[in-house]
Amino acid sequence: MIDIKLLRQDPSGVAAQLVRRGFRMDLEWYVSQEAERRTLQMALEDLRKQRNEGSRKVGELKATKATPDELGMRLEKLAKLDRELVAADQAFRKLSATLEAFYLTLPNLPDSTVPEGMDESANQEVRRWNTAPDFGFEPRDHVELGEMIQGMDFSSAREMTGARFVVLKGILARLQRALTTFMLDWHAREYGYEEVYVPHLVNRQSLTGTGQLPKFESDLFRVGPDVDWFLIPTGEVPVTNLARDHTFLRSELPKRWVAHTPCYRSEAGSYGKDLKGMIRQHQFEKVELVQITLPEASPQAHEQLVEHAESILIQLELPYRVMLLCAGDTGFASAKTYDLEVWLPSQKRYREISSCSNFRDFQARRLNARWKEDAKSKPDWVHTLNGSGLAVGRTLLALLENRQDEGGGISIPSRLQPYLGGIHEIRSGAKVEHPPG
RNA sequence: GGAGAGAUGGCUGAGUGGUCGAAAGCGCUCCCCUGCUAAGGGAGUAAGGGUGAUUAAGCCCUUCGAGGGUUCGAAUCCCUCUCUCUCCGCCA
């Protein structure tokens, strides 16, 4: 949620900022509703004051045994006041609810360093690492490679569930697990992230806190009808909610958490997109990085977070580039986002494998996540950040595609070999063996 | 799934329908005393919001798990819900 005080003070300034990301705020409507809110609230509070004073008088009169007449008059006046109060209270509540709902639909203000633009064509490349491999033959896509290895089974998944699921077998199932473990170990050891294990089902409040609700319910799988729980679309939701209703001391920050979770997305509205292969699935594994920082520390923490995610790609020797998203392409809750894009030889282009965002105090307000200098000082909102470090499924397919040889074999990056029992390559067509180890 | 207990300020924990935003203690802040430490004495110490000149004083409203209700008036009485704990059953 954006700062409501700022919105009240400078509605047109806020509206102008939101236009940068293609969001049209109904300024005229808001200004009139806000004026109404102010009037109603002042009237309501005045009525309550009168009621409180009146009730106190009644108490005093009863204590001093006043005449029944005087008491009766008082009570009659209060009854009349009460009718007014109920009406005023209802009107104010209704308007408050309307405004509250409105606030929740406002996206975050884009950071001043975010480039102008409405879609991904305006995103800026920040840097690039490594170059696309020169194969000297026509590279296969991961679906074909997966079949040759006999480790990727889309038809079984389709039969038991439906489209956009996959079954991994043998060495590829183990490869996914190895990647996951490697990422967790790496972030914990190299950068001091605390590993956390979290629920994969969350309630409505958690999703509202991080910003997926109320606007994006159609992207989620709901578990119903007995409980109002949702499958998490990203580990960001449960991990960031660790900070909910919490006041951190300065000395506790920054918090760095890393978690491995499955992610579930309905992918409503992406019909026809990336139908083939493991690029876009209803279920995928992700290692998620989350940081809670002091407000002044978040820009630097954001840059570091991106480097943490990048380091995985470097360790795995995968070519990638870093993109700074333009205002219009930046997600609802984010003030600034860098995407990491890995090279996919079969598509001859870069595809998103990580998204690293600084939400500033947007999620913190919704989550009531605060910090304070010490026990006696006043609390203020923390800043929250997160990034994929990385999307495991996409990392797996990028590895297959970028490290294939002409016969469909896959060489394992040295960093990963210890996690796979020391093997150097996956031999295509060979019998699927579980490596020792 | 069955039975029971509970939810009050940073923490522990009182609370009779009417100056209760709430006793007391702990913690914390400031002051006094004191070679140091320890101990002692005094004062202060919830949050959110409105208004005020957006950031002062002041004034006011709200908040005792959440939401309803009774009442002129609710932490206190009634109803519903959520959560926590204990015991039994079941289970990885």
Side-chain angles (χ1 to χ4, degrees), chain A residues 1-14 30-31 33-100 103 109 197 199-209 223-230 238 241-252 295 361 364-382:
Chain A
M1 197 148 80
I2 62 170
D3 182 358
I4 302 311
K5 279 188 179 156
L6 177 68
L7 180 64
R8 282 180 187 157
Q9 182 189 322
D10 183 20
S12 52
V14 167
Y30 168 71
V31 169
Q33 296 297 298
E34 168 55 19
E36 179 72 6
R37 184 228 104 222
R38 189 185 137 105
T39 309
L40 282 177
Q41 184 166 349
M42 284 167 69
L44 174 64
E45 288 187 356
D46 184 58
L47 286 170
R48 283 210 271 235
K49 184 185 170 190
Q50 290 181 47
R51 195 240 359 238
N52 291 347
E53 283 170 353
S55 292
R56 203 173 309 132
K57 270 276 166 42
V58 169
E60 279 171 27
L61 287 177
K62 280 201 166 172
T64 57
K65 301 199 168 54
T67 63
D69 279 4
E70 199 178 345
L71 198 63
M73 235 178 65
R74 282 271 172 204
L75 291 180
E76 204 175 304
K77 262 174 76 179
L78 278 172
K80 198 179 144 216
L81 187 68
D82 198 54
R83 282 193 293 277
E84 279 181 70
L85 198 98
V86 166
D89 188 54
Q90 274 176 1
F92 178 68
R93 276 196 206 210
K94 198 173 158 208
L95 183 59
S96 297
T98 304
L99 280 169
E100 196 61 34
Y103 298 148
L109 303 175
Y197 171 79
H200 302 162
L201 290 165
V202 292
N203 59 31
R204 211 166 261 282
Q205 203 187 341
S206 295
L207 286 154
T208 305
V223 178
D226 301 332
V227 285
D228 200 23
W229 289 345
F230 295 82
N241 269 276
L242 285 172
R244 187 159 101 194
D245 292 322
H246 198 270
T247 302
F248 297 89
L249 295 176
R250 171 185 276 273
S251 55
E252 296 175 282
D361 58 9
R365 286 173 203 285
R366 291 171 163 236
L367 291 163
N368 186 33
R370 302 179 296 172
W371 75 280
K372 54 185 179 181
E373 190 70 43
D374 52 56
K376 82 173 233 186
S377 48
K378 270 194 88 124
D380 189 16
W381 307 114
V382 295

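Chain letters run A, B, ... following the sequence lines, proteins first and then strands; every chain starts at 1. Since the structure is predicted, the reported quantities are computational estimates derived from the model, not experimental observations.
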Atom pair distance, as rounded to whole Å: CH2 in W381(A) and C1' in rG48(B): 10 Å
Name every residue in residues 83-94 of chain A that has at least one heavy atom under 4.0 Å from any atom of RNA chain B, in order of residue number, or write none if there are no such residues. R93(A)
Please report the distance separating the C1' of rA14(B) from the corresponding atom of rC26(B), rounded so that it comes out in whole Å. 15 Å
Drop me the distance from S12(A)'s OG to Y30(A)'s OH, to the nearest 0.5 angstrom. 11.0 Å
Test item: R365(A) and D3(A) side chains (from C-beta on) under 4.5 Å apart, heavy atoms: yes
B/S/- contact track for nucleotides 52-60 of chain B, protein heavy atom under 4.0 Å: S-------B
For nucleotides rU62(B) and rG68(B), find the distance between their P atoms and express it as a whole number of Å. 15 Å
Pairwise C1' distance, rA47(B) and rA22(B) [rounded to whole Å]: 14 Å
Touch check for R74(A), heavy atoms < 4.0 angstrom, all strands: base, sugar-phosphate only, or nothing? nothing
In whole Å, measure the gap between the P atoms of rU51(B) and rG13(B) for me. 40 Å
Could you label the plane-to-plane angle of the Y197(A) and H200(A) rings as parallel, tilted or perpendicular, counting under 30° as parallel and over 60° as perpendicular? perpendicular
Could you give the side-chain donor-acceptor pairs of residues 71-92 of chain A under 3.5 Å, partners two or more places apart or in another chain?
unit_1 : atom_1 : unit_2 : atom_2 : d
D89(A) : OD2    : R93(A) : NE     : 3.2

Starting from Watson-Crick (N1-N3 plus N6-O4 or O6-N4) and G-U wobble pairs under 3.5 Å, report the runs of at least three that RNA chain B belongs to. B:1-7 with B:82-88, B:10-12 with B:24-26, B:27-32 with B:40-45, B:46-51 with B:58-63, B:65-69 with B:77-81
Rounding to an integer number of Å, can you tell me how far D3(A) CG sits from rG48(B) P? 14 Å
Let me confirm one number: the CD1-CG distance from I2(A) to L109(A), rounded to the nearest 0.5 Å. 5.0 Å
Quick check on W381(A): does its CH2 atom have over 12 non-hydrogen neighbours (other residues, nucleotides or ligands) under 6.0 Å away? yes
Between CZ of R370(A) and P of rA46(B) the distance, given in whole Å, is 15 Å
For R37(A), enumerate each residue passing the salt bridge (charged side-chain N to carboxylate O under 4.0 Å, His left out) test, keeping only those at least two apart in sequence or located in another chain. E34(A)
Rounded distance in Å between the C1' positions of rA24(B) and rG18(B): 23 Å
Span that lies between the C1' atom of rC11(B) and that of rG52(B), in whole angstrom: 36 Å
Between rA47(B) atom C1' and K372(A) atom NZ, what is the distance in whole Å? 10 Å
Expressed in angstrom and rounded to an integer, what is the separation of R365(A) atom CZ from rG49(B) atom P? 10 Å
Heavy atoms of P379(A) and K372(A) approach each other most closely as CA-CB, 3.9 Å
Look up atom CG in L99(A) and atom CD in E36(A), then write down how far apart they are to the nearest 0.5 Å. 10.0 Å
From D46(A) CG over to R51(A) CZ, what is the distance, rounded to the nearest 0.5 angstrom? 12.0 Å
When rounded to the nearest Å, what value does the distance between P atoms of rG4(B) and rU29(B) take? 47 Å
For rC28(B) and rC87(B), measure between their C1' atoms and round to the nearest Å. 40 Å
Indicate whether OP1 or OP2 belonging to rU62(B) is found under 4.0 Å from a side-chain N or O atom of R51(A). yes
For E252(A), side chain to side chain donor-acceptor pair (under 3.5 Å) partners two or more places apart: none
Atom CZ of R204(A) and atom C1' of rA66(B) are separated, to the nearest Å, by 17 Å
Mapping G59(A) and L44(A) onto RNA chain B by nearest heavy atom, which one lands closer to the 5' end? G59(A)
What is the distance from atom CG of L207(A) to atom CZ of R204(A), rounded to the nearest 0.5 Å? 8.5 Å
Backbone N or O of V202(A) within a donor-acceptor pair of the S206(A) side chain at under 3.5 Å? no
For Q41(A) and rC61(B), what is the distance between atoms CD and P respectively, to the nearest whole Å? 13 Å
Closer to the 5' end of RNA chain B via nearest nucleotide, is it R8(A) or L75(A)? R8(A)
Measure from CG on L95(A) to C1' on rG50(B) and round the result to the nearest Å. 14 Å
